[in-house]
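What follows is a short report on a single structure.
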Amino acid sequence: MKNEEIIRLLPKKEWNDKTILVFFKSLFIPSFLYCFIISLYVITIPFNRGLVLPFVGEKLQLPELVFLFLSVASAPYFFKLLTTLNKSRSRTGLKTNNSQLIAQGLLIYFLAVVASAIFHPTRAAFLDVAGLIYLLTLYAIINVFFIFQESDNTRLNYTIPVLATRFTVLSLFILSSIGLLGFLLLIFGIHTSLVAYYPNYPFFGNVYRVRAFTQEPVMMASILSVFILIVLAGYNLEDFTKKEKQFLRLTLALGFLALALTLTKSAVITFAAAFSIFSIRHTSLKKFTPFIWIFSIVALLFFTHFVIVKKENFDSNQSYHGLVDAPSLSLSDYYLVETDYGSLKEAAFITGKRFWLTGIGSGNFVDYVPTLKKEGLYPTKFQDYDPISTYFGAFAELGIFGLCALLFFYLQVYRTLRQLKTQNPNDVWIASLMSIFGFMACESFVTDTMNFRHYWWILACVAACVRTTETYKSNTPQ
């Protein structure tokens, strides 16, 4: 059902007649304030380090504090929407549309996580369920905001791509600036927590990696990458003024520089996705896109899981950070050595085979690692980590059905984007979203993306585009 139909079916007269509806109507905050709180949430997404609370540890950070205000602000809009949907069901019934594909995927995945917590009732499992409920609520709140942008009395006169770009570019500018400030202070001899020290880092030795207020450089790189791709997608639109595009260019430059200083291998996939988005307007480059994607994926998987080290520099007792003791292959004067990323995937696969039906339980893999160490199935020199892979983590913690639920969710997102692309073949924003989803699918091999707030932000934008795909004009490449 389109937004125009929802707004048109709103029982305005009943709102004035019924006391409870009048009460909720009085709670409505102006749309610009609702917009400001969502923008504030997106800005605070990179601030996920600093708070340590009882029971939940570091799971609640600054974004969650903003989320409390966002929940209160959105409550009347939820009530209004539910009232409208109840009326529309009785009059016209609800038809299946593209937005339900993502909803179906999310429901199946949610049920898999809940089932895992029921079979393995640990604190970590229930915390994962609570975290997923929080992310699903965030997803719904952002969707409701975009839906009511189609209402005459709340509309801000911005399309979803423009709003998403405006929200994201501010966060990207702040995150990049903080990270670069930390690196600049380091150059002048001032050490801060904005950069992290990594001794014996592969290829580079002792290095400092930018992380700003994120938990680690890998997290900062993931946020930077997604936000860079969103802003780059928005830059392709015709809705920004000359000065606004200058600011977008400046922010993109800062973002790419900060991303390079994180020294994260997944940046190679960012380059592939960025090139893919750039080629939307420059069609002569499209023929190179498949080769760049293939090269980037191979490079990511290889350099994430293996390191080439000179034999004379390899010491099994004091080797580079995150390398196993025994080389995997000897090549002339060099060793091919497996990293902890590969060892974790092997451990996750072993765990998944042992608990193939229900998994070890959501969030419980890290507690099972000591058992694998005792059995000699995971190097004792490594710390007890999570799987650091969405796919292998799902198999180890949720079992075969949980992995299938995850893949089904990814499939539904892909189907949604494909249908949107078919309906709007010349729309640069939707084409860009497909590249961003490709980045997410690739990064899921080396990170746990389902717990990342920034991915739920872009997912909500995708779902919102489904409902409003005909409310803005497509931007045709020149």
Side-chain angles (χ1 to χ4, degrees), residues 48-49 51-61 113 116-117 119-132 196-202 209 211 214-220 222 264-266 304-307 316-326 328 337-356 358-399 402-403 443-452:
N48 50 47
R49 174 172 60 91
L51 295 180
V52 181
L53 303 176
F55 187 73
V56 296
E58 297 183 352
K59 286 186 176 291
L60 295 182
Q61 296 297 324
V113 175
S116 174
F119 285 109
H120 304 278
T122 63
R123 186 187 75 165
F126 287 115
L127 280 177
D128 271 17
V129 172
L132 184 55
Y197 176 67
Y198 283 74
N200 297 324
Y201 194 72
R209 301 171 63 190
R211 68 171 179 174
T214 61
Q215 294 178 345
E216 54 188 9
V218 172
M219 174 64 79
M220 179 171 179
S222 180
T264 306
K265 304 173 188 69
S266 60
T304 301
H305 298 87
F306 296 97
V307 170
S316 61
N317 295 319
Q318 294 182 350
S319 61
Y320 287 109
H321 172 76
L323 301 186
V324 299
D325 291 333
S328 301
V337 188
E338 184 184 24
T339 69
D340 51 354
Y341 277 85
S343 300
L344 279 168
K345 288 178 177 60
E346 292 174 8
F349 184 72
I350 292 172
T351 305
K353 287 197 302 181
R354 289 182 178 181
F355 304 90
W356 67 272
T358 62
I360 193 66
S362 184
N364 292 335
F365 175 80
V366 67
D367 295 325
Y368 191 70
V369 170
T371 301
L372 297 175
K373 286 183 175 180
K374 292 179 181 178
E375 298 176 7
L377 298 174
Y378 186 73
T380 56
K381 62 180 285 189
F382 294 155
Q383 297 182 23
D384 299 346
Y385 286 120
D386 290 317
I388 316 184
S389 171
T390 307
Y391 306 115
F392 284 86
F395 182 49
E397 297 187 341
L398 305 180
L403 176 60
E443 193 185 27
S444 294
F445 279 103
V446 294
T447 53
D448 185 10
T449 56
M450 291 303 291
N451 292 326
F452 288 177

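This one's a predicted model, so the numbers in the text were calculated from it and none came from an experiment.
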Original post:
Between T339 (side chain) and T304 (backbone), is there a donor-acceptor pair under 3.5 Å?
Top reply: yes
**OP:** For the pair E443 and S222, evaluate side chain to side chain contact (heavy atoms under 4.5 Å, CB included) and give the outcome as yes or no after the intermediate values.
**Re:** CA-CA 8 Å; E443 193 185 27; S222 180; 3.0 Å; yes
**OP:** State whether the side chain of S389 and the backbone N or O of T447 hold a donor-acceptor pair below 3.5 Å, judged by distance alone.
**Re:** no
Original post:
Is there a donor-acceptor contact under 3.5 Å linking the side chains of N364 and T122?
Top reply: yes
Original post:
Under the ring-ring contact (aromatic ring centres under 6.0 Å, His included) test, which residues partner F445, sequence neighbours left out?
Top reply: Y391
Original post:
At what distance, to the nearest 0.5 angstrom, does CG of D448 lie from CE of M219?
Top reply: 9.0 Å
Subject >> Validation row: M220, R209 side chains within 4.5 angstrom (heavy atoms) >> reply: no
Original post:
Can you find a heavy atom in the side chain of D340 that is under 4.5 Å from one in the side chain of Y385?
Top reply: yes
Original post:
Is there side-chain contact between E397 and F355, with at least one heavy-atom pair below 4.5 Å?
Top reply: no
**OP:** Under the side chain to side chain contact (heavy atoms under 4.5 Å, CB included) rule, collect the residues that match up with A348, sequence neighbours excluded.
**Re:** F365, P387, F392, A396
Expected list for residues 369-376: side-chain donor-acceptor pairs under 3.5 angstrom, two or more places apart:
residue, atom, partner, partner atom, Å
K373, NZ, F382, O, 2.6
K373, NZ, D384, OD1, 2.8
E375, OE1, R354, NH1, 3.0
E375, OE1, R354, NH2, 2.5
E375, OE2, R354, NH1, 3.3

Subject >> Distance (rounded to the nearest 0.5 Å) between L398 CG and T358 OG1 >> reply: 9.5 Å
Original post:
In Å, rounded to the nearest 0.5 Å, how long is the span from CD of Q61 to CZ of R49?
Top reply: 9.5 Å
Original post:
In Å and rounded to the nearest 0.5 Å, what is the NE2 to OG distance from H120 to S362?
Top reply: 10.5 Å
Original post:
Taking everything shown except F119 itself, do over 12 heavy atoms lie less than 6.0 Å from its CZ?
Top reply: no
Subject >> Any donor-acceptor N/O pair, R123 side chain to L127 backbone, under 3.5 Å >> reply: no
Subject >> Evaluation steps, side chain to side chain contact (heavy atoms under 4.5 Å, CB included), between T264 and E216 >> reply: CA-CA 11 Å; T264 306; E216 54 188 9; over 6 Å; no
Original post:
F349 vs F395 aromatic rings, parallel, tilted or perpendicular, using cut-offs 30° and 60°?
Top reply: tilted
**OP:** Any chance you could measure I388, atom CD1, to L344, atom CG, to the nearest 0.5 Å?
**Re:** 5.0 Å
